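Notes for the one structure printed next.
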There are 2 protein chains.
Amino acid sequence: MTAGAGARAFTIGEVSALTGLTTHTPRFYEQEGLFFAPVRRDAAGRRLFTDEEVEWLRVCTKLRSSGMPLPDIRRYAQLVLAGPGNEEERLAVLREHEERVRQQVADLQDALAVIHDKVEVYLGHLAAGTADRLWTDGPEC
Amino acid sequence: MTAGAGARAFTIGEVSALTGLTTHTPRFYEQEGLFFAPVRRDAAGRRLFTDEEVEWLRVCTKLRSSGMPLPDIRRYAQLVLAGPGNEEERLAVLREHEERVRQQVADLQDALAVIHDKVEVYLGHLAAGTADRLWTDGPEC
DNA sequence: CTACGACCTCGAGTCGACTCGAAGTCAAGC
DNA sequence: GCTTGACTTCGAGTCGACTCGAGGTCGTAG
């Protein structure tokens, strides 16, 4: 009843088109154990991805782009693979990463302040026509 | 009157202590041309950093932590080295990076939304005692 | 029946920014 | 005068996450 005809299967090429990843990446991810289970294959040994796997790849992309290391993603996948009962642990993995991302945002905004400060200095001097004083005024370069 | 006794000079060890960088990093940065000029040396060939150079290292740290590649920092340094007259170009370098950082922040917040969503899903199921439905409900793992 | 394109595995290469270590020089303290 | 420790240069190694390419297999279209 669950594994019926409704479940679409995608070739790796389709997955690539759907996610914007190269075909190498989902293969690499499978090898790294980032999926909840080995990816299904057709008779010829070609991978067949489910909707859920495609969606998971999209999530992985977000996790990666926010700096989650592959080992952490793998750990989460293994918890899911292990079945119900470890939801608190999965939650902990997610929350730790969430916190790291918030910290990253804070750090970036900190850096942004420094950068924008310098931009303002230049804008000020350029507007006032005193740009050459940037040299002698001190550390304003 | 400018290069008088008031200008402090720091050894690389002091710079390391002041900035939190290892001694390798300022050396590496000099080699990569990130300073506005070659670093001054004492009679024995040891580097002597000025206040301004220490401050610049701090700025570099922010630029790096916000993802500015060394070649871009080098380009900025070369503009400063080239002297007055190119302030618009320096400003452009800074503004481009500023924009990239803003984009990074936006991307991180986008990822954060996805991550936080999953956190909420787990919190909801755990609170409701329906955590085991995570399995069968669909792509909520 | 053959060509084609999409897929497979495996291992090696790439990238940027450090990071480390070896081997040597130098100055100050004892 | 010798040790100690901070400095010097140089070249090699590290890290993670891809990324690429060679060489091979398959199934479908013509």
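Everything numeric here is computed off the predicted structure, so don't read it as measured data. Atom set for the values below is all heavy atoms of this structure, side chains included, hydrogens, waters and symmetry mates excluded. The chains referred to below are lettered A, B, ... by the order of the sequence lines, with proteins before strands, and numbering in each begins at 1.
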End-to-end bend of the helix from dC1(C)-dG30(D) to dC30(C)-dG1(D) (five-pair axes, 10° rounding)? 20°
Between W56(B) and Y29(B), does the ring centroid distance fall short of 6.0 Å? no
What residues, two or more places apart in sequence or in another chain, satisfy side chain to side chain contact (heavy atoms under 4.5 Å, CB included) together with A17(A)? none
Salt bridge (charged side-chain N to carboxylate O under 4.0 Å, His left out) contacts in which one or both residues fall within residues 73-86 of chain B, not counting sequence neighbours: E32(B)-R74(B), R75(B)-E89(B)
Listing request: all salt bridge (charged side-chain N to carboxylate O under 4.0 Å, His left out) pairs with a residue in residues 16-31 of chain B, at least two apart in sequence or in separate chains. E30(B)-R41(B), E30(B)-R47(B)
With sequence neighbours excluded, tell me which residues meet side-chain hydrogen bond (donor to acceptor under 3.5 Å, both in side chains) with T11(B). none
Salt bridge (charged side-chain N to carboxylate O under 4.0 Å, His left out) contacts touching residues 9-26 of chain A (sequence neighbours left out): R8(A)-E14(A)
Numerically ordered, the residues 99-109 of chain B set in heavy-atom contact under 4.0 Å with DNA chain D is none
Whole angstrom is fine here: how far is it from CD in E32(B) over to P in dC15(C)? 15 Å
R58(A) atom CZ, over 12 foreign heavy atoms within 6.0 Å: yes
ILVMFWY network linking L112(A) to V114(A), side-chain heavy atoms under 4.5 angstrom: no
Which pairs, protein N/O on one side and nucleotides 7-10 of chain C N/O on the other, fall under 3.5 Å?
| residue | atom | partner | partner atom | Å |
| --- | --- | --- | --- | --- |
| dC7(C) | OP1 | T11(A) | OG1 | 3.0 |
| dC7(C) | OP1 | G13(A) | N | 3.0 |
| dC8(C) | OP1 | R47(A) | N | 2.7 |
| dC8(C) | OP1 | R47(A) | NH1 | 2.9 |
| dC8(C) | OP2 | R27(A) | NE | 2.8 |
| dC8(C) | OP2 | R27(A) | NH2 | 3.0 |
| dC8(C) | OP2 | R47(A) | NH1 | 3.4 |
| dT9(C) | OP1 | R41(A) | NH1 | 3.3 |
| dT9(C) | OP1 | R41(A) | NH2 | 3.2 |
| dT9(C) | OP2 | R47(A) | NH1 | 3.1 |
| dT9(C) | OP2 | R47(A) | NH2 | 2.8 |

D117(B): which residues meet the side-chain hydrogen bond (donor to acceptor under 3.5 Å, both in side chains) condition with it, sequence neighbours left out? none
Which protein N or O atoms sit under 3.5 Å from an N or O of nucleotides 16-18 of chain D?
| residue | atom | partner | partner atom | Å |
| --- | --- | --- | --- | --- |
| dA17(D) | OP1 | R64(A) | NH1 | 3.4 |
| dA17(D) | OP1 | L70(A) | N | 3.2 |
| dA17(D) | OP2 | L70(A) | N | 3.4 |
| dC18(D) | OP2 | Y29(A) | OH | 2.7 |
| dC18(D) | OP2 | R64(A) | NE | 2.9 |

Within the 3.5 Å criterion, strictly below it, is a donor on R90(A) or Y122(B) matched to an acceptor on the partner's side chain? yes
Could you give all pairs that pass the side-chain hydrogen bond (donor to acceptor under 3.5 Å, both in side chains) test and reach residues 97-107 of chain B, with sequence neighbours left out? H116(A)-E98(B), S66(B)-H97(B), D72(B)-R100(B), H97(B)-R100(B), E98(B)-R102(B), Q103(B)-D107(B)
Which residues pass the salt bridge (charged side-chain N to carboxylate O under 4.0 Å, His left out) test with E88(A), not counting sequence neighbours? none
